[in-house]
Amino acid sequence: MLNEESVINSELRIKLPNRAKFIVVAWLFVCIIIFLFWLNFFYDNKVNSVSLGDIGAFLSGVFSVLAFYGFIEAYLVQSQELRLQRFELKESIKAQKGSEQALKEQSEALKSQLKINEEQFNLYLLEAKAKIPVFTLSKILVFKVEFLHEENCISNEIDLLEEPISSLPFEKDTYILKEIIILVEVNNIGGGGKLIDIKSLTEINNMYYAQFTGFDSMTSSNTETYDNYLVEFKFKIDSMDLDIFLNAETFKAFVIDLIERIKFESNFRSHERSYKQSYKICRTSSFDQLLQHQNSSIRNFEQVGMQKLLAFGYDIEFFE
């Protein structure tokens, strides 16, 4: 601490150049010589005859020259300090440019490292994604409807994929719906493994419906990898507020609404871990094309055949 204070004090102390000291001493010596010469070689000049005004004028001349020299010396010192400041400023600019270049190179290195890490992370995501099962709806195999005549209690059933919707008996307050069985084929196009459980997530009124969901593998091998499954959704119906046998349009709207409410959770075991995923049945682009195709005779929902919608209009997708 003491050394630092001494250094600061020495820097703040006024320092005169050696040439200035030499010139001041030399000028004073010359002035003294001139004064003595003036007294000794001019007979009219005596020490007693010299007035204070003469001494003041002499000293004024002596020190005015010193003052003018001091101004010149101050100008030279200040100019030198300014040159030093400009030099230091240039050096600091060079150092700053060097630090900027170093920071730029460091930034480029970090960007390259970040790009490598991002590529590695994307590769890891691709590898992890390839292991995740991805189910798609191959086709709806069965859409069986069981209905009961309220008076004679005779039960009948039809498969809407084999028989047209017009084969249903549309009579008001005559028939009631008892059961719907939907059998679909789903394919796993993702990572290998085995489906071990399916849980229904369909949101319907449990006072009216009883749900049953099951699945079976379509592969008879003893391997641990299965890709094709039959999934069955069964709905037992006790009562309904809506008379769906009022007409074909009402029944078709009910079927479409039921299909698009079907949700399920799959429990899939791969070679490394288990995956639980939620799926729902959704419309495909073909569904909208059937409704909007300008060259087709099908122009609205009521004219679309139920068999075409069930065969081409649906798929399954993830949902959270």
Side-chain angles (χ1 to χ4, degrees), residues 1-24 67-137 186-195 201 224-225 227 263 265-286 288-289 315-320:
M1 183 66 70
L2 293 176
N3 292 332
E4 292 181 357
E5 291 181 356
S6 61
V7 170
I8 294 173
N9 292 331
S10 63
E11 292 292 333
L12 295 177
R13 190 180 299 115
I14 298 176
K15 296 181 181 179
L16 293 176
N18 292 328
R19 68 172 182 274
K21 296 177 182 180
F22 175 76
I23 290 175
V24 169
F68 181 72
Y69 168 72
F71 171 77
I72 295 174
E73 187 65 35
Y75 173 78
L76 294 175
V77 171
Q78 188 174 9
S79 299
Q80 184 179 6
E81 290 180 352
L82 290 174
R83 285 196 298 271
L84 289 174
Q85 288 179 0
R86 287 196 296 269
F87 176 76
E88 292 176 353
L89 181 60
K90 290 180 180 179
E91 293 297 322
S92 64
I93 292 174
K94 290 180 181 179
Q96 186 176 2
K97 288 182 178 179
S99 63
E100 289 179 356
Q101 183 65 26
L103 288 174
K104 186 177 180 180
E105 294 176 355
Q106 185 178 5
S107 176
E108 293 296 330
L110 290 175
K111 287 181 179 178
S112 300
Q113 184 64 37
L114 180 61
K115 186 176 180 180
I116 294 173
N117 292 339
E118 185 177 0
E119 291 176 353
Q120 292 177 348
F121 181 70
N122 291 334
L123 182 61
Y124 167 77
L125 288 180
L126 289 176
E127 292 177 353
K129 188 175 180 180
K131 298 176 182 179
I132 297 176
V134 179
F135 289 103
T136 61
L137 179 62
V186 296
N187 298 328
N188 175 26
I189 59 174
K194 185 177 181 180
L195 186 65
L201 301 176
E224 294 296 325
T225 300
D227 294 329
K263 301 177 182 179
E265 181 184 77
S266 65
N267 191 351
F268 188 87
R269 184 180 301 279
S270 67
H271 300 293
E272 298 179 358
R273 51 165 294 185
S274 296
Y275 298 92
K276 283 189 176 182
Q277 297 169 308
S278 298
Y279 292 89
K280 65 180 179 180
I281 294 182
C282 60
R283 297 182 181 183
T284 65
S285 58
S286 300
D288 295 328
Q289 290 173 5
D315 198 353
I316 56 177
E317 65 180 6
F318 292 110
F319 79 94
E320 297 295 335

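Nothing here was measured: the structure is a model prediction, and the numbers come from that model.
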Rounded to the nearest 0.5 Å, the CD atom of Q80 sits from the CD atom of Q78 at a distance of 11.5 Å
Closest non-hydrogen atoms of L137 and D315, given as atom of the first, atom of the second and distance, are N-OD1, 2.9 Å
Mind checking what makes side chain to side chain donor-acceptor pair (under 3.5 Å) contact with S274, not counting sequence neighbours?
-> R269
By side-chain contact (heavy atoms from CB on, under 4.5 Å), E317 pairs with (sequence neighbours left out) K280, C282
Heavy-atom donor-acceptor pair, N188 side chain to F135 backbone, under 3.5 Å = no
Of all residues at least two apart in sequence or in a different chain, which pass the ring pair (Phe, Tyr, Trp, His ring centres under 6.0 Å) check with F318?
-> Y279
For a quick test of your reading: what N or O donor-acceptor pairs under 3.5 Å do the side chains of residues 92-103 make, sequence neighbours left out?
from	atom 1	to	atom 2	distance (Å)
S92	OG	E88	O	3.3
S92	OG	L89	O	2.6
S99	OG	A95	O	3.4
S99	OG	Q96	O	2.6
Q101	NE2	E105	OE2	3.4

Taking every heavy atom of F319 against every heavy atom of K263, the minimum-distance pair comes out as CZ-CD, 3.7 Å
Please tabulate, one pair per line, all N/O donor-acceptor pairs under 3.5 Å involving side-chain atoms of residues 109-121, not counting sequence neighbours.
from	atom 1	to	atom 2	distance (Å)
S112	OG	E108	O	3.0
Q113	NE2	N117	OD1	3.3
N117	ND2	Q113	O	3.3

